[in-house]
Amino acid sequence: MHNTTSMLVELGAIILALGLLGRFAGRVGFSPIPLYLLAGLAFGQGGILPLDASEDFVATGAEIGVVLLLLLLGLEYSASELVTSLRTQYPSGAVDFVLNAVPGAVAALLLGWGPVAAVALAGVTWISSSGVIAKVMRDLRRLGNRETPVILGVLVIEDLAMALYLPILTALLAGAGLAGGTVTLLISLGTVGAVLYLALRHGRLISRAVSSDNPEMLLLVVLGLTLLVAGVAERLQVSAAVGAFLVGIALSGDVAEGASNILTPLRDLFAAVFFVFFGLSTVPADIPPVLVPALILALVTAMTKVGTGWFAARRAGIKTPGRWRAGGTLVARGEFSIVIAGLAVAKEPRIGPLATAYVLILVVLGPLSARFTEPLARRVTAHLPRRFAPAAQPASAGPSEAAPAPTGDAAPDATHDAAPDATSGSEAGAGPEPDLGSDLEAELGPEIGPEIGPEAAPAKS
């Protein structure tokens, strides 16, 4: 009885603290993720007020949080959108992987952590935070800008790559050798391919079988199915998160929209618990020794993300200001970096403090980068010698092309990115931009507190 009472008191204190922190973050327009991590550090071992009675419950809640994060992510996309993005954006995805995963792997090897830790840290530095990026783009009123579909395309490729990366990481963490890892990868590829095929060919039938006009029944069926598939996937070493992501992809139409609306509050609650649990599992005294490596890694991968966005926007025919904005917007890391680190921390505990410091730095730097990268780049290039400066536009291009590009901080860029561009799609190999939905704001949507996930996931066809 005493343990139950203590658990309720601790859980109540944690959830109340999360609510207050999320409210404060919303008031100041700041991501709540670093505040949740700091709360976990304060309540964990070596913190200000260690919690013991609720630790097991919080650990289970954290697992559910990861599953719901990936389920809601899958509900945002239809199988056709994923296939379209894969066909048109795979060069940008490859550049994204090389520029941003390799620095993490190299850093782990230089620190002497071994190949498994290198694979894990590569994922931490690779994946951008879709939640933080969504809020930043809304705050800066850039949803109508021409670089926005490019940014979404890069995020979609990263999300789809997670379905292959997480099973490999899980197998390596479980100690599987080359043969075991190969089998896991083949199972993952087969599963992803089968789900995409079923969703493309028979998505309506799957959704009809799950559909219900009663919100309570819809919640129970979708949540139960997701947890079941996640458990089976975990047993097969494919990763519970990937199983949940595939369930989200398989659902479409009104079922996906209804499930997203019902599950979003649950996702926000348990995802916040997940961030707290990650902080609980990190000893605060372990962070200062890794601050310098984390800062160096953050600066390097911030620049490589800017390069990724520049390349992707250039392929799509976006002009120079939009390229800088695309790169600066992609800098933020957040929820999925912590998810990857959370999987690896049991095998390599030293990843926890470094990942915490790394995410804290970039979740703060990301919004600043999105706002100031393009104006800063414009000022720097204006002072470069003429031979290094970008070529001037032809005089006959017309007033819309001769005028200087606005920064886009207060409104969509009318001259360069909202209006049709004569160079759009003209670059070799660019291909059509992916159709990620007619309503970009609904596509970008929700948040934890104000940050994570879509506010209203778009209906998937």
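Quick caveat: nothing in here was measured; it's all calculated off a predicted structure.
- A distance of 11.0 Å separates CD in E257 from CD1 in I262, rounded to the nearest 0.5 Å.
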Q. Would L360 and V364 satisfy side-chain contact (heavy atoms from CB on, under 4.5 Å), going step by step from the backbone distance to the final call?
A. CA-CA 6 Å; L360 286 173; V364 173; 6.0 Å; no

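- Rounded to the nearest 0.5 Å, atoms CG (L68) and CD1 (I64) are 7.0 Å apart.
- Counting all heavy atoms, side chain and backbone alike, I33 lies closest to G334 at CD1-CA, 4.3 Å.
- Remark: side-chain polar atoms of T373 are not paired, donor with acceptor, to backbone N or O of A370 under 3.5 angstrom.
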Q: Starting from the C-alpha separation in whole Å, work towards a yes-or-no answer on side chain to side chain donor-acceptor pair (under 3.5 Å) for T308 and N100.
A: CA-CA 8 Å; T308 298; N100 297 285; 3.0 Å; yes

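- Between the T264 side chain and the S260 main chain, a donor and an acceptor come within less than 3.5 Å of each other.
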Q: Would you check, one step at a time, whether the test side-chain contact (heavy atoms from CB on, under 4.5 Å) holds for V339 with F274?
A: CA-CA 9 Å; V339 168; F274 165 74; 3.8 Å; yes

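- The side-chain heavy atoms of L225 and V222, taken from C-beta on, include no pair separated by under 4.5 Å.
- The aromatic rings of Y36 and F275 lie parallel to each other, with less than 30° between the two planes, well short of the 60° mark.
- Side chains of Y165 and I340 form a contact here, defined as non-hydrogen atoms less than 4.5 Å apart.
- In terms of the side chain to side chain donor-acceptor pair (under 3.5 Å) criterion, S337 has no residue partners (sequence neighbours excluded).
- In this structure, W126 places its CH2 atom where more than 12 heavy-atom neighbours from other residues, nucleotides or ligands lie under 6.0 Å away.
- Judged as a side chain to side chain donor-acceptor pair (under 3.5 Å), and not counting sequence neighbours, T125 has no contacts.
- Heavy atoms only, all atoms of each residue included: I361 and A298 are closest at CG2-CB, 3.7 Å.
- If you take CG on N145 and CD1 on I151, they are separated by 8.0 Å, rounding to the nearest 0.5 Å.
- The closest side-chain heavy-atom distance from T329 to R142 is below 4.5 Å.
- A 4.5 Å side-chain heavy-atom check between I157 and F97 finds every atom pair outside the cut-off.
- With hydrogens and angles disregarded, a donor-acceptor distance shorter than 3.5 Å links the side chain of S129 to the backbone of V132.
- The CG atom of L160 sits 12.5 Å away from atom CG of L155, with the distance rounded to the nearest 0.5 Å.
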Q. V116 and E348: side-chain contact (heavy atoms from CB on, under 4.5 Å), yes or no, with the steps?
A. CA-CA 8 Å; V116 175; E348 180 50 77; over 6 Å; no

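- D96 places no side-chain N or O within donor-acceptor distance of the main-chain N or O of S92, the cut-off being under 3.5 Å.
- The two residues G322 and A313 come nearest to each other via the heavy atoms O-CB, 4.4 Å.
- Between V306 and L330 the shortest side-chain heavy-atom distance does not fall below 4.5 Å.
- Atom-to-atom distance recorded for S128:OG and E335:CD is 9.5 Å, nearest 0.5 angstrom.
- Nearest heavy atoms, L218 versus A259: CD2-N, 3.8 Å.
- L354 has its side chain out of reach of I287: every pair of non-hydrogen atoms, C-beta onward, lies at least 4.5 Å apart.
- At least one donor-acceptor pair closer than 3.5 Å links the side chain of R315 to the backbone N or O of T88.
- Between the side chain of R323 and the backbone N or O of G309 there is no donor-acceptor pair closer than 3.5 Å.
- Between F278 and A355 the shortest heavy-atom distance is CZ-CB, 4.3 Å.
- A 4.5 Å side-chain heavy-atom check between L140 and R371 finds at least one atom pair inside the cut-off.
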Q: Please test D286 against R350 for salt bridge (Lys or Arg N to Asp or Glu O under 4.0 Å), starting from the C-alpha separation and ending with a verdict.
A: CA-CA 8 Å; D286 293 339; R350 291 174 293 184; over 6 Å; no

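- Here F311 pairs with nothing under the ring pair (Phe, Tyr, Trp, His ring centres under 6.0 Å) rule; sequence neighbours left out.
- When every heavy atom of L365 is checked against every heavy atom of A302, the shortest pair comes out as CD2-CB, 4.2 Å.
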**Q.** From CA spacing to verdict: salt bridge (Lys or Arg N to Asp or Glu O under 4.0 Å), K305, E158
**A.** CA-CA 13 Å; K305 272 294 181 184; E158 289 183 349; 2.4 Å; yes

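- To the nearest 0.5 angstrom, D159 atom CG is 8.5 Å from L70 atom CG.
- Residues V95 and P91 fail the side-chain proximity criterion, which asks for heavy atoms closer than 4.5 Å.
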Q.
Assess the residue pair F270 and V67 against the criterion (side-chain contact (heavy atoms from CB on, under 4.5 Å)); give the C-alpha distance rounded to whole Å, side-chain angles, the decisive distance to 0.1 Å, and a yes or no.
A. CA-CA 9 Å; F270 284 105; V67 168; over 6 Å; no

